[in-house]
Amino acid sequence: MTTAPHALASTDNTGVSWRWKLILAILPLAAAIFSLCVGRYAMAPQDIWHALTDKFTGSVTVAPQISTVLWQMRLPRILLALIAGAGLSASGCAFQSLFSNPLATPDTLGVASGASFGAALALLMGFKMLGVQTVSLLFGSSPWL
């Protein structure tokens, strides 16, 4: 049994071709750019480009509403979504590599149950938001202690 030389050259030790890696790297960026344009206040891609360049050049070529919506609402949300997704991805990778189990999740390890119990307990005790998050963190990390 022989394989084609181009099939071997297009993949690395993970078995995933470079084309798929490129597509999977570009997709989140394309979704982020697309989400800049859509919403309750629709904006044209040219307006977004001008609002982005206006911030750095100091000129004003778009309406102030476009600049405000872009810089104070959409960009922070998109950046936070990208950072949260990266954090979830990294924590999932850490769980799976720590236990050498590709099916390891917070549910199977008891972390989600502990955090949920801690949050419910803090809510019943009348804690404010920061207290609820702290107790949830402590109870969620208790399987590691």
Side-chain angles (χ1 to χ4, degrees), residues 2-120 122-123 127-145:
T2 60
T3 58
H6 68 280
L8 295 175
S10 65
T11 61
D12 58 4
N13 59 356
T14 62
V16 179
S17 71
W18 64 271
R19 289 183 186 110
W20 277 108
K21 288 181 180 179
L22 183 66
I23 288 171
L24 291 175
I26 291 175
L27 260 165
L29 296 175
I33 291 168
F34 175 73
S35 62
L36 285 174
C37 298
V38 297
R40 176 163 253 180
Y41 187 67
M43 293 187 282
Q46 307 90 288
D47 291 338
I48 291 173
W49 176 254
H50 290 299
L52 289 172
T53 56
D54 285 355
K55 186 74 165 184
F56 298 110
T57 61
S59 62
V60 178
T61 58
V62 294
Q65 294 89 357
I66 291 175
S67 183
T68 301
V69 167
L70 179 70
W71 285 100
Q72 294 184 5
M73 295 178 71
R74 292 194 183 165
L75 270 177
R77 288 179 184 174
I78 291 168
L79 292 175
L80 184 62
L82 289 172
I83 291 169
L88 289 170
S89 173
S91 65
C93 183
F95 269 139
Q96 291 173 353
S97 64
L98 181 67
F99 294 103
S100 300
N101 181 0
L103 300 177
T105 64
D107 298 331
T108 59
L109 302 175
V111 174
S113 301
S116 298
F117 177 74
L123 287 172
F127 288 173
K128 301 290 184 203
M129 184 173 67
L130 186 61
V132 171
Q133 291 176 355
T134 304
V135 172
S136 177
L137 174 71
L138 291 174
F139 275 81
S141 62
S142 63
W144 302 102
L145 301 177

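As a basis for the values below, the full set of heavy atoms in this structure was taken, side chains included, without hydrogen atoms, waters or symmetry mates. We're numbering straight along the sequence, starting at 1. What you are looking at is a predicted structure, and each value in this text was computed from that prediction instead of being measured.
The two atoms that bring Ala122 and Val132 nearest to each other are CB-CA, 3.7 Å, heavy atoms only. Residues Val111 and Gly140 share a closest heavy-atom pair of CG1-O, 3.5 Å. Between Trp71 and Leu52, the closest heavy-atom pair is CZ2-CD2, 3.6 Å. Between Tyr41 and Gln65, the shortest heavy-atom contact is OH-CB, 3.8 Å. Scanning both residues, Val135 and Gly118, for their nearest heavy atoms gives CG1-O, 3.2 Å.
Here the side chains of Met43 and Leu36 are not in contact, with every heavy-atom distance at 4.5 Å or above. Residues Asp47 and Leu70 fail the side-chain proximity criterion, which asks for heavy atoms closer than 4.5 Å.
For the atom pair CD1 of Ile26 and NZ of Lys21, the computed distance is 14.0 Å after rounding to the nearest 0.5 Å. Annotation: the span from Thr57 atom OG1 to His50 atom NE2 amounts to 10.5 Å, rounded to 0.5 Å. Atom CD1 of Ile78 is separated from atom CD1 of Ile33 by 9.5 Å, given to the nearest 0.5 angstrom. For the atom pair CH2 of Trp49 and CG of Asp54, the computed distance is 11.0 Å after rounding to the nearest 0.5 Å.
With Ser136 contributing its side chain and Ala115 its backbone, the two residues share a donor-acceptor pair below 3.5 Å.
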Quiz: residues 85-99 side-chain donor-acceptor pairs under 3.5 angstrom, not counting sequence neighbours:
from, atom 1, to, atom 2, distance (Å)
Ser91, OG, Gly87, O, 3.3
Ser91, OG, Leu88, O, 3.0
Gln96, NE2, Pro102, O, 3.1
Ser97, OG, Cys93, O, 3.0
Ser97, OG, Ala94, O, 3.3

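Counting heavy atoms of neighbouring residues, nucleotides and ligands inside a 6.0 Å radius, atom CH2 of Trp20 does not exceed 12 of them.
For Phe117, the side-chain contact (heavy atoms from CB on, under 4.5 Å) criterion is met by Leu121, Phe139, not counting sequence neighbours.
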